[in-house]
Each structure stands twice: as structure tokens, then as C-alpha cells.
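To keep things clear, I will list the structure first and then write my remarks on it.
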Number of protein chains: 2
Amino acid sequence: MGTKERKERQKAEMREAVLSAALRLFSDQGYEYVTMRKIADEIEYSVGTIYLYFKDKDEIFFELHKLGFEEFYKRQIAIQNVKDPLQRLKEHGLAYIQFAIDQPQYYDLMFISRIPAKTIKQKQNWTSGDRTYELLKLNIVQAKEAGYFKGVEVEVAAFSLWSFVHGISSLFVRDRLTTIPMESVKSLIAGSLSFLGRAY
Amino acid sequence: MGTKERKERQKAEMREAVLSAALRLFSDQGYEYVTMRKIADEIEYSVGTIYLYFKDKDEIFFELHKLGFEEFYKRQIAIQNVKDPLQRLKEHGLAYIQFAIDQPQYYDLMFISRIPAKTIKQKQNWTSGDRTYELLKLNIVQAKEAGYFKGVEVEVAAFSLWSFVHGISSLFVRDRLTTIPMESVKSLIAGSLSFLGRAY
DNA sequence: TCATTAAATGAACACTGTTTATATTTTATA
DNA sequence: TATAAAATATAAACAGTGTTCATTTAATGA
């Protein structure tokens with residue numbers, strides 16, 4: 001009598017197949033090149049079928065969004081073994097920017113793309129993002145305990161650091177640094193992180 | 001025999017009308033809501049006519065891009081009368097962010113929107129942007145002369161400051177700060193600029 | 001076996017930017 | 001001034017987009 005369970009499993013598999021196809025297209029060419037018909041072709045189903053498993057394209061968008069944040073969080077956690085609080089904070093920033101460089105499409109989706117109006121209201125969606133932000137704040141608190149960030153509120157420091165790395169990342173991802181050769185960009189980024197360190 | 005001149009004037013007027021309609025739609029709803037047909041409706045011509053005056057939609061995009069940079073540059077210049085080099089630099093940053101808050105659609109177009117592939121190669125396009133960047137570097141040099149930014153390369157400082165204000169601006173423009181009430185955002189921005197000042 | 005339910009389809013809708021054959025208007029010349 | 005030539009404007013068409021829906025096909029349980 002496990003037909004119900006099997007059906008649910010099949011439904012999950014179908015969703016998985018759609019997402020995996022979307023991800024494949026997405027990683028290759030970026031989000032705007034992912035069309036419903038291309039996904040349908042990829043999984044060898046008709047367009048209409050996708051709409052039996054996903055409300056609309058935005059729902060697929062949001063699932064990718066979630067996947068991106070999971071990968072992102074993993075990378076940030078991996079940095080937590082660095083002992084020195086200051087060094088850890090720097091690695092944190094570096095890992096942030098490196099993610100944007102390695103996975104520009106994901107970074108775009110997560111931090112730059114216009115968020116569908118419907119999605120905004122669901123706060124729950126951002127928990128994966130909040131998680132990393134909490135991690136950043138924790139690292140700042142620990143740096144404070146080690147004597148840094150004297151007289152700076154944690155909220156202000158966190159906002160500043162986020163803005164900074166996001167600024168660099170988004171300029172890179174949206175091709176505003178193309179006049180600068182890639183090598184120079186790397187040394188500029190390194191220099192900038194050092195410069196920001198003076199404010200700690 | 002002034003028919004040639006008149007024709008040229010009429011051509012310019014038509015381009016002007018198209019741009020002004022595009023700008024109107026654009027300022028109201030943002031770039032993605034500007035369609036060729038809506039522009040045509042607005043100026044009471046058929047769609048095809050627009051293509052006699054503009055190669056494609058990107059050309060209209062780029063004209064708006066230029067207009068935005070002009071307004072942007074004006075604002076930056078207006079700040080140059082501030083005497084104290086440090087204060088001037090801060091006002092510079094504030095003016096930058098304020099532009100993004102006042103004219104989010106323009107800011108988006110200038111610093112966030114994907115640049116059409118064709119446009120990238122025309123370096124000349126970015127002169128208006130370069131102009132402001134040169135102004136920033138000049139202000140940094142002058143701050144250096146006043147004893148700030150010791151041991152920091154001008155290029156690094158300029159890149160850092162730009163990344164910072166762009167980070168804030170683009171998070172704001174692309175709705176990544178919606179969980180924070182607007183009042184808090186303002187004080188966060190003020191706090192951040194002060195925090196960054198510690199690195200000077 | 002067969003009626004009922006679920007799943008999949010492909011055509012259609014309304015929209016997008018762009019092209020093009022056709023029609024209209026303006027210009028210059030005979 | 002009449003007319004051929006050139007410039008300008010138009011509407012329809014093309015290929016693409018996300019989405020919907022009547023219809024067909026497949027799976028289910030009595």
C-alpha cells in the first residue's frame with residue numbers, strides 16, 4: 001500500500017530533476033538564459049509539466065537561491081577553525097569575495113538580482129543568509145574581546161564589513177572592473193582588505 | 001537652403017522625444033518596465049519609427065546611462081567647495097550614497113545593471129564615470145597631503161572607498177536591507193562612514 | 001474490466017525586441 | 001506646377017519569453 005509514498009517520492013524526484021536541469025543551465029549561462037522551455041527540453045518533458053511541480057519560474061529561482069546560500073554558508077563555516085580572531089575575520093572577508101569570484105551566477109542571484117516581490121515578504125527565506133550574518137557578528141564580538149573594534153558597535157561593524165566585501169564582489173560580478181586587468185584587481189582587493197583592517 | 005539643417009534639427013528633436021519618453025517611463029517604473037511599444041505609445045508614433053532614430057534598445061539604455069552620469073558628476077562637483085580635505089571626502093561619500101537613494105533607477109542603470117556586451121568595448125562611454133573617479137582620487141591625494149592615508153596607495157584607497165559606498169548603495173537599491181527599518185539604515189550608514197574614517 | 005483520478009501534453013495567449021514590405025509624406029528637379 | 005525620387009512612418013510578422021488550459025494519455029482501485 002506504499003503507492004502514496006512512492007508518488008510523493010516521484011514528485012520529489014521530478015522537482016529534483018527540474019532543479020538540477022535549471023542549475024545546469026544556470027551555472028553555464030546565468031539566470032537570464034534559463035527559460036522554462038530549455039528546462040523542459042533538458043529533462044525531456046513538455047513545458048506545461050513543469051508547472052505541475054512548480055508554481056512559477058520564481059519558485060525555481062528561489063530554490064536555486066537556497067542552494068546558493070547553503071554552499072555559501074559551508075564556505076564560511078570552513079573558516080571558523082582559524083584561531084586568531086583578527087585573522088579569522090580577514091579570512092571571512094576573503095572567503096566572501098572568493099565565493100563571488102568562483103560562483104558569480106550564484107552571487108548574482110543571492111545578492112544582486114532583483115528579488116521577486118512575492119519572495120520579499122517571506123522572512124523565512126532569508127534565514128540562510130541571516131545565519132552567515134550572525135556568524136560575522138560573532139566573529140566581530142570575538143575580535144572585540146581581543147581588543148579590536150574599540151568604540152564601534154557590533155551592528156555598525158558588521159554592516160560596514162558586509163557593505164565592503166559586497167561592494168567589491170558586486171562590482172566584479174557586474175563587470176564594473178573590466179578596465180582593470182585581473183592581476184591588478186587581485187592586488188587591489190588584497191590592498192583594500194588591509195586598508196580596511198586599519199579601522200579595526 | 002536650410003532644409004538640411006532643419007532635417008537635422010528634426011532628427012535631434014525626435015531623438016530627444018524618444019529619450020524623454022523613455023526617461024519618464026524609466027523614472028516611474030525602472031528600466032525593465034520600459035518597452036519599445038510603451039515608448040512608441042508615449043510619443044504617439046509606431047514602434048518601427050523608433051528604430052529609424054535608434055539602432056536598438058541598448059542605444060536608448062546608453063543615452064540614459066550618460067544622462068545619469070552627468071547628474072551624478074554635478075552632485076560630486078557641488079561638494080568640492082568644502083574646505084577641509086577630510087570633511088570633503090566624507091561629503092563625497094555621502095553624496096554618492098544620497099544619489100543612490102534619490103535616484104535608485106539611475107544608480108541601478110549606472111552601476112548595477114548588466115552592461116550590454118557591445119557597450120563594454122567602447123571605453124569612451126565610461127569617461128563620465130572616470131571623471132568622478134579621478135575626482136575621488138584627487139580628494140584622496142589632498143587628504144594625503146593633509147596627513148591622512150599614511151602608507152596607503154592612492155589607487156588602493158580609491159578602490160576601497162568606492163567599493164564601500166557602492167556596497168551600501170547597491171544593497172539598498174536591490175532591496176537587501178528591507179528587514180532593517182529605514183531609520184536604522186540611515187544611522188547604520190552614518191556609523192559606517194565614521195567607522196571607515198578610522199582607516200584614514 | 002472499467003470508471004475515476006492523476007499526469008503529461010501542445011496549442012494558445014499576451015507579452016517582449018526587432019525586421020521588413022508597404023504606404024505615406026516630403027523633397028528636388030524638369 | 002507636375003512628377004520622379006528620397007525620406008519617413010506604419011502595421012504586420014518573426015522568434016522569443018512566461019503562463020494557462022482543454023485535451024489526451026497513463027495509472028489507480030473497485
Side-chain angles (χ1 to χ4, degrees), chain A residues 1-19 21-23 25-26 28-65 109 113-119, chain B residues 1-19 21-23 25-26 28-65 109 113-119:
Chain A
M1 217 50 74
T3 63
K4 201 172 181 180
E5 285 78 2
R6 200 199 64 228
K7 287 248 167 170
E8 272 174 26
R9 204 174 55 239
Q10 281 178 339
K11 186 152 191 166
E13 273 166 16
M14 187 62 168
R15 278 183 68 97
E16 191 52 53
V18 170
L19 284 175
L23 184 59
L25 291 165
F26 165 74
D28 282 358
Q29 318 220 40
Y31 185 70
E32 29 269 343
Y33 292 96
V34 181
T35 73
M36 297 304 270
R37 283 173 183 80
K38 280 185 198 162
I39 296 174
D41 281 1
E42 192 83 4
I43 60 172
E44 294 178 300
Y45 275 85
S46 72
V47 207
T49 306
I50 298 176
Y51 285 87
L52 299 174
Y53 297 89
F54 292 90
K55 194 181 146 289
D56 52 25
K57 204 188 171 188
D58 286 345
E59 198 177 323
I60 298 173
F61 165 96
F62 181 62
E63 288 298 324
L64 294 179
H65 190 266
L109 205 60
S113 291
R114 285 192 197 288
I115 301 178
K118 320 153 196 171
T119 314
Chain B
M1 218 46 76
T3 63
K4 200 173 182 180
E5 286 78 2
R6 200 201 61 229
K7 287 247 166 173
E8 273 173 26
R9 204 172 55 238
Q10 282 178 339
K11 187 152 193 167
E13 273 166 18
M14 187 63 166
R15 278 182 69 98
E16 191 52 52
V18 170
L19 284 175
L23 185 58
L25 291 166
F26 164 73
D28 283 358
Q29 319 220 42
Y31 184 71
E32 30 269 344
Y33 293 96
V34 181
T35 71
M36 299 303 270
R37 283 173 183 81
K38 280 185 197 161
I39 297 174
D41 281 1
E42 191 85 3
I43 61 173
E44 293 176 303
Y45 275 85
S46 71
V47 207
T49 307
I50 298 176
Y51 285 87
L52 299 174
Y53 298 89
F54 292 89
K55 193 181 147 290
D56 52 25
K57 205 189 171 189
D58 286 344
E59 197 178 323
I60 298 173
F61 165 97
F62 181 63
E63 287 298 323
L64 293 179
H65 190 266
L109 206 61
S113 293
R114 285 192 197 290
I115 301 177
K118 319 153 195 170
T119 314

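Quick note on labels: first sequence line is chain A, next is B, and so on, each numbered from 1.
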Interatomic distance where [atom1] belongs to [X] and [atom2] belongs to [N] [whole Å]:
| X | N | atom1 | atom2 | value |
| --- | --- | --- | --- | --- |
| B:D56 | C:dT18 | CG | P | 5 Å |
| A:Y45 | D:dT19 | OH | P | 21 Å |
| B:Y51 | D:dT8 | OH | P | 19 Å |
| A:E59 | D:dT19 | CD | C1' | 14 Å |
| B:K57 | D:dT17 | NZ | P | 16 Å |
| B:L52 | D:dA6 | CG | C1' | 14 Å |
| A:M36 | D:dA15 | CE | P | 23 Å |
| B:I39 | D:dA9 | CD1 | P | 16 Å |

Closest approach to the side chain of [X], judged atom by atom: which nucleotide of [options] is it?
| X | options | value |
| --- | --- | --- |
| B:S46 | D:dA9, D:dT17, C:dG17 | D:dA9 |
| A:T49 | C:dA8, C:dT18, D:dA9 | C:dA8 |
| B:R37 | D:dT10, C:dT16, D:dT17 | C:dT16 |

May I ask you to say what B:Y53 touches in the nucleic acid, namely base, sugar-phosphate or nothing, with a heavy-atom cut-off under 4.0 Å? sugar-phosphate
Verify the neighbour count for atom CD of B:E44: are there more than 12 heavy atoms of other residues, nucleotides or ligands below 6.0 Å? no
For B:V34 and A:M14, take the nucleotide of DNA chain C holding the closest heavy atom to each; which residue's nucleotide lies nearer the 5' end? A:M14
Any side-chain heavy-atom pair from A:L64 and A:V34 closer than 4.5 angstrom? no
Would you say the side chain of A:D28 lies within less than 4.5 Å of the side chain of A:Y33, judging by non-hydrogen atoms? no
For the OG1 atom of B:T35 and the CG atom of B:D41, what is their distance to the nearest 0.5 Å? 7.5 Å
Hey, which of A:K55, A:R15, A:K57 is the one that makes salt bridge (Lys or Arg N to Asp or Glu O under 4.0 Å) with A:E63? A:R15
Pick the closest DNA chain D nucleotide for A:V47 and for B:K11 by heavy atoms, then say which residue is nearer the 5' end. B:K11
